Amino acid sequence: MLPPPDLHDLLIRNVVDYAIYMLDPEGRVVSWNPGAERIKGYAANEIIGEHFSRFYTEEERTAGVPEAALKQAVETGRFTAEAWRVRKDGSRFWALVVIDPIRRDGKLIGFAKITRDMTEQHNAQLAALESERKFRLLVQGVTDYALYMLDPEGVVTNWNTGASRIKGYHESEVIGRNFSMFYTDEDRAAGVPQQALERAAREGHSELEGWRVRKDGTQFWANAVIDAIRDEEGQLIGFAKITRDLTERRRTQAELEKSREQLAQSQKMEAIGHLTGEIAHDFNNMLTGISGSLELMKTRLAQGRFNDFERYIAAAQGAASRAAALTHRLLTFARRQPLEPKAINANKLIGGMEDMVRRTGGPNVQIETALAVGLWTTLCDPNQLENALLNLCINARDAMPDGGRITIETANNWLDERAARERDMEPGQYVAISVTDTGTGMSPEVRARAFDPFYTTKPMGQGTGLGLSMVYGFARQSAGQVRIYSEVGQGTTVCIYLPRHRGEAEDEVVEPRLEKAPKAGAGETVLVVDDEPSVRMLVADVLDELGYSAIEAADGISGLNVLRSDVRIDLLITDVGLPGGVNGRQMADAAREKRPGLKVLFITGYAENAAIGNGYLEPGMHVLTKPFAMDRLAARIRSIIAG
């Protein structure tokens, strides 16, 4: 039911946001509300009796649009449109127009017309469309990144030019398909694509690096970022995905890593060169102790005098142990393979390498240590730490051409925010290991460049300039830092800071003595393959002491013939380097074809990693480096056979 006419008229006249007015059947204005005056600019006495077409643009009047609008209203019951309209002052506005026919007793008596000014909304919409157009052009113009959208299930919904270039697919080939098609079979089997979407949905963002697959089947190393897109209510409506091809960068990083390893090896060889003379001198002393003791034992044996045997045996064993320790350190120091970090006590490590440091210093350099009581444990590669300390000692020695003093010191340091910031470190607890000399010191210019690779103040041919750069690299890779404190004429202190490790230091395993080693089971047999007769003899004698039957072979072919026979073999002990064209590793691998699970102990004079070639040992294979104590050999034999 319509309200009374007076109330209806009052309602219309109070509406100012809409132009509401009436037309006669020919389209002349017969009423005019305040909203019409505000929007169109005409007062009622100016417009009543005029044809409504004057509100249309010249183009639309020429095209007969006003008449067509009335005709459509009559035929369909309503005309609705959005278009430009003209105000009294000639300016244009975007209008939403509704025209309804009015009938009485079935006869057309006029039209009701409502117009709303939509200019602001229209302009905002145009701006949004323009912004979207520019964004689409921008996205399509990006060729270094694959930019595309996914729906909540991971189905591709759009695709840019960069995606086509990087992945090789045209948009028609991927839209509507799940993005997991770009992952490797292994990643799909492991659920990596779905996990990435779940992480992005949960956390808003997901970023991974890994191998992805192009259309032609080739793989590329990609950095992939997925961001969740949500509507105003927070509902997930899809994902934005950005992928960048980093294959070339990864290749460059690999080449840089290889170069770094080569530089490290060169620097190690440089350090060994410094040690060569002193090492040769010490080895001659050790060999004299061994050979001299054996000769005197032979003489006393011929004379029937046995009272001094124990003294000569102790002297020979002591010299041999020192030689073995020195050889082991040199092999560890020189080998190329990266080593594993361990929980260590730096005091024990320094004590173990003190002899080598003293040889490095020479007769005119005094070596002192100031090791902190209760030193914290740190987690690092012990061999790299030895390498770093040895290089610092070599640098310190070279800075004191007339002799002087080197002090190796350890301390527990707790760095607060200020102290850590001064050292470019994270606040926390650190083990500090410093090497101080009384040498020439460094100028500020030299100190500023001291860690630069290949920078050196030494004469040509006396240094590569890699020592301090390698120390710096080791400290940073160990989540630590290294700092230099030096003044010209006042000496130098180089301090390595390594983070504290909360675990206990790893202790060396003490092997039981030979006479207390567990004995063999009935019929247990060991094959010994070594081209050195004295080594075969000693290993066979140890096996005899333990109750094993021993079979000896001098080369790989002979050993392989035994292994391919039906003789019982519980353990193969073999050198790695063997004559005859078949080395120890090849022999063991071939033997396992006939004897799956054959237990093998490689004994070698090379560094442990170098001995096994590819860095991988199958289950049941073990390595023992020469020279070794017979007690240790006995313990290893029994533990390997016993499983």
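Because the structure is a prediction, the values reported are computed rather than measured.
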Inset, instruction - Any chance you could lay out the side chain to side chain contact (heavy atoms under 4.5 Å, CB included) test for Y485 and Q490, step after step, and finish with the verdict? - result: CA-CA 10 Å; Y485 309 93; Q490 300 298 316; over 6 Å; no
Inset, instruction - Run the numbers on L571 and I637 for side chain to side chain contact (heavy atoms under 4.5 Å, CB included), then give the verdict. - result: CA-CA 8 Å; L571 173 65; I637 290 171; 4.0 Å; yes
Inset, instruction - Could you give me the CA-CA distance, side-chain angles and deciding distance for L197 and F239, then say whether side chain to side chain contact (heavy atoms under 4.5 Å, CB included) is met? - result: CA-CA 8 Å; L197 287 187; F239 301 92; 3.8 Å; yes
Inset, instruction - Evaluate the criterion side chain to side chain contact (heavy atoms under 4.5 Å, CB included) for residue pair M537 and V528; output intermediate values, then yes/no. - result: CA-CA 9 Å; M537 176 197 72; V528 182; over 6 Å; no
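Of the options I641, L601, V542, a side chain to side chain contact (heavy atoms under 4.5 Å, CB included) to V526 is made by I641 and by none of the others.
We find the CD1-CD1 distance between I367 and I350 to be 12.0 Å, quoted to the nearest 0.5 Å.
The side-chain heavy atoms of L633 and L624, taken from C-beta on, include a pair separated by under 4.5 Å. With contacts defined as side-chain heavy-atom distances shorter than 4.5 Å, the pair Y430/M425 qualifies. You'll find the side chain of L389 reaches within 4.5 Å of the side chain of M353, heavy atoms only. Counting heavy atoms from C-beta on, the side chains of L415 and E426 never come closer than 4.5 Å. Using a 4.5 Å cut-off on side-chain heavy atoms (C-beta onward), K241 and F182 make no contact. Contact of the T574 side chain with the I603 side chain is not registered, since no non-hydrogen atoms from C-beta on lie closer than 4.5 Å. Here the side chains of V600 and F602 are in contact, with some heavy-atom distance below 4.5 Å. Considering only heavy atoms from C-beta on, L246 comes within 4.5 Å of E209 through its side chain.
Distance alone, capped at 3.5 Å, is enough to place a donor-acceptor pair between the K599 side chain and the I640 backbone. Here the side chain of R447 pairs a donor or acceptor atom with the backbone of S486 at under 3.5 angstrom. Under a 3.5 Å cut-off, the side chain of R483 and the backbone N or O of R423 do form a donor-acceptor pair. Put simply, the side chain of T378 gets close to the backbone of P499: a donor and an acceptor are under 3.5 Å apart. The backbone N or O of N583 lies less than 3.5 Å from a partner atom in the side chain of Q586, making a donor-acceptor pair.
For Q429, the CD atom sits in a packed shell: over 12 heavy atoms of surrounding residues, nucleotides or ligands are nearer than 6.0 Å. Remark: Q366 CD is packed, more than 12 non-hydrogen atoms of other residues, nucleotides or ligands lying under 6.0 Å away. Within 6.0 Å of the CD atom in E203, the count of heavy atoms belonging to other residues, nucleotides or ligands exceeds 12.
Of all non-hydrogen atoms in D531 and R536, the two that sit nearest each other are C-NH1, 3.9 Å. Here the shortest heavy-atom pairing between A346 and I433 reads CB-CD1, 3.7 Å. Looking at every heavy atom in both residues, F220 comes nearest to T243 through CE1-CG2, 4.2 Å. Taking all atoms of both residues into account, the shortest heavy-atom contact from L371 to I408 is CD2-O, 4.1 Å. The nearest pair of heavy atoms linking L385 to C380 is CD2-SG, 4.0 Å.
A cation-pi arrangement is present between R212 and Y183 under the rule of less than 6.0 angstrom and at most 45 degrees off the ring axis.
The existence of a salt bridge linking D185 and R188 is confirmed by a sub-4.0 Å separation between a basic side-chain nitrogen and an acidic carboxylate oxygen. Ion pairing between a basic and an acidic side chain is recognised when a charged N comes within 4.0 Å of a carboxylate O; E422 and R418 show such pairing.
Sorted by first and then second residue, the ring-ring contact (aromatic ring centres under 6.0 Å, His included) pairs with a member in residues 191-213 read W211-W221; sequence neighbours excluded. Within the structure, side-chain hydrogen bond (donor to acceptor under 3.5 Å, both in side chains) pairs that include any residue of residues 405-417 comprise N347-T410 (at least two apart or interchain).
By the salt bridge (Lys or Arg N to Asp or Glu O under 4.0 Å) test, R421 is found to be paired with no residue, residues two or more places apart in sequence or in another chain being considered.
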